[in-house]
Amino acid sequence: MNHTSTIQFVPVVVGGNRGAYSLARAFYEAYQVKTNVISPIIIGPIENSRILKNYVQPEIEQPDRFFETIGMIEKDFPGIKKIIIGADDRYAEMLVRLQRHFPEQWVVPYVSEEVFGRATNKESFYAVCEKAGVPYPKTLVITEFEEKLPFEFPIVVKPADSPAYQSLHFAGKEKVFFAKSPDEYRRIFRLMRGGGYREPIVVQEFVPGDDRSLAVVTAYTSPEDREVKLIVFGQILLEDHTPSGIGNHLAILARPEDSITEDVRKLIAETGFTGFSNFDLKYDERTGRYVFFELNGRLGVSNYYVTAAGHNPATYYVDDRIRNLKLGAVVNKEEALFNVVPKSLLLKQIKSVQLRTKVKILYREDRAFNPLEADFETNVKRKAVLWASTMNYYRKFRKHPPQV
């Protein structure tokens, strides 16, 4: 489908991670436009790229400084519609909070603060799951240390409020903690509180299974008619196991999975969420169903798996929010591979013969994609940095192998 049209608009992405680059690539592939990226510093994925223009704002989290940069973009592209998107939890939440302050021509494709908070806070999300009849892990939300738990060890300990936690820096910080004993659980609780995290903490039963039991779902819901227009399921083949990167998806197999479609629709209807949402799931072999862990109110950092499967997210933003077209509803039926680690490392980490065969077939058929590697990126420095960071995964996996 050719999406190029005479319509003029400028994409703006806040954040400098792999997700920001993936979005810029999606806009470039659909419309041949450059994306303007606002970030505190220029890091690997957004450096030396020909498809984006960098606006550096070290004090990006201070609204007056942030809007100075918005003013610069406004001056650089006067009288043209802008659409602005956050590349991670913190920036999506910031745009939700500041959406009223944007100039007339800007499209900020997010829900209200109240809807965003209720859907993305884990405590209220589990209440939504309960009401909608959607499976979720046994969970306890605590503000004080709770000695007696209603489930066995090992357990998972994580912040209920991701954006608040994301901005903290302290020794021993992990995105998600695993505790095998009461002592470890107590140590983690103290560590989080000592590190400045004041919000509620989620304590959860551990659902057994390795990386392959994990999954991600990306959905797009139009604010016009509240209909879910897109559902793309992805089976995780490999995750990052370094403490700071735990939970980041490194390889995803996009494939059909009809068993989750109804649950996704129920959760979106119950939360009233519109725009892109991203769910973390895990297959519970004890029940034969996927349990839902959370709703993220944004595209995931690994959003390129959606583009790889043939559903470019940029076109949903533009067709729905700028061109005001009526979108059809699609549930992905295609297979594609998203992978940022060397192919040989991925194959070595996958224990299932069936999945290894599937990966080899997708590579052979040119249906395997690394979002950071593109033919149009010819800068030699960029290629060198990308090669080095890709090779670095060998070292990372030797040091932090997956715990099976």
Side-chain angles (χ1 to χ4, degrees), residues 89 121-123 125-126 129-130 135-162 164-166 168-216 235-251 279-294 296 341 345 348-352 393 395-404:
D89 285 325
N121 180 291
K122 294 182 185 68
E123 186 173 5
F125 176 69
Y126 295 133
C129 288
E130 183 65 42
Y136 63 98
K138 289 197 191 100
T139 299
L140 188 66
V141 180
I142 58 173
T143 48
E144 302 293 317
F145 185 77
E146 193 70 55
E147 197 79 55
K148 287 207 169 344
L149 298 178
F151 34 79
E152 303 294 307
F153 284 89
I155 60 166
V156 176
V157 185
K158 57 189 175 185
D161 186 336
S162 296
Y165 186 70
Q166 200 178 358
L168 299 171
H169 300 282
F170 56 88
K173 179 183 175 183
E174 299 193 13
K175 211 169 147 188
V176 175
F177 293 94
F178 296 94
K180 296 193 173 103
S181 67
D183 285 349
E184 264 185 60
Y185 159 48
R186 186 183 292 276
R187 180 189 67 79
I188 291 163
F189 182 88
R190 285 192 183 139
L191 183 71
M192 289 173 81
R193 287 291 184 246
Y197 178 71
R198 300 279 168 263
E199 304 304 316
I201 290 173
V202 173
V203 183
Q204 209 163 52
E205 67 165 335
F206 176 74
V207 177
D210 63 7
D211 288 1
R212 287 175 304 148
S213 325
L214 299 167
V216 59
Q235 179 180 354
I236 310 301
L237 302 184
L238 194 60
E239 288 234 304
D240 197 334
H241 289 270
T242 55
S244 61
I246 203 155
N248 286 339
H249 313 319
L250 301 177
F279 298 86
D280 288 328
L281 297 72
K282 191 168 187 180
Y283 183 73
D284 189 344
E285 57 209 20
R286 300 167 301 184
T287 60
R289 288 188 75 180
Y290 278 94
V291 294
F292 283 71
F293 288 115
E294 63 184 322
N296 299 299
V341 306
L345 179 63
K348 188 180 153 201
Q349 294 293 333
I350 296 175
K351 303 291 173 263
S352 148
Y393 282 112
R395 191 182 60 81
K396 280 185 173 182
F397 273 84
R398 268 199 305 276
K399 204 171 168 197
H400 299 281
Q403 311 289 318
V404 179

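Along the sequence shown, residues carry numbers from 1.
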Can you tell me how far the [atom1] atom of [X] sits from the [atom2] atom of [Y], to the nearest 0.5 Å?
X	Y	atom1	atom2	answer
L250	L345	CG	CG	9.0 Å
N296	D280	CG	CG	5.5 Å
K158	M192	NZ	CE	10.5 Å
D211	K351	CG	NZ	10.0 Å

Point to revise | Criterion side-chain contact (heavy atoms from CB on, under 4.5 Å) on L140 and E146, from CA distance to verdict | key: CA-CA 9 Å; L140 188 66; E146 193 70 55; 3.8 Å; yes

Shortest non-hydrogen contact between [X] and [Y], atoms and distance:
X	Y	result
V207	Y283	CG1-O, 4.2 Å
S213	P208	OG-O, 4.5 Å
P137	F293	CG-CE2, 3.2 Å
I201	V157	CG2-CG1, 3.6 Å
R212	S352	NH1-CB, 3.1 Å
P154	F206	O-CB, 3.4 Å

Review point. Do Q349 and Y393 pass the side-chain contact (heavy atoms from CB on, under 4.5 Å) test, and can you show the C-alpha distance, the side-chain angles, and the key distance before you say yes or no?
Key: CA-CA 12 Å; Q349 294 293 333; Y393 282 112; over 6 Å; no

Practice item. Given side chain to side chain donor-acceptor pair (under 3.5 Å), test S181 with D183 step by step and report yes or no. Key: CA-CA 5 Å; S181 67; D183 285 349; 5.4 Å; no

Review point. Which residue pairs pass the salt bridge (Lys or Arg N to Asp or Glu O under 4.0 Å) test when at least one of the two sits in residues 184-206, sequence neighbours left out?
Key: E147-R186, E205-R286

Main-chain N/O of [Y] paired to [X] side chain as donor or acceptor, under 3.5 Å:
X	Y	value
D284	V291	no
K173	L168	yes
K122	V202	no
Y197	L191	no

Revision key, fill the gap. The complete set of side chain to side chain donor-acceptor pair (under 3.5 Å) pairs with one or both residues in residues 136-145, sequence neighbours excluded, reads E130-Y136, T139-Q204

Review point. Is the Lys NZ or Arg CZ of K175 less than 6.0 Å from the centre of Y165's six-membered ring, within 45° of the axis?
Key: no

Check your understanding: What do the steps show when you test Y185 against F145 for ring-ring contact (aromatic ring centres under 6.0 Å, His included), and what is the final call?
Key -> CA-CA 9 Å; Y185 159 48; F145 185 77; 4.5 Å; yes

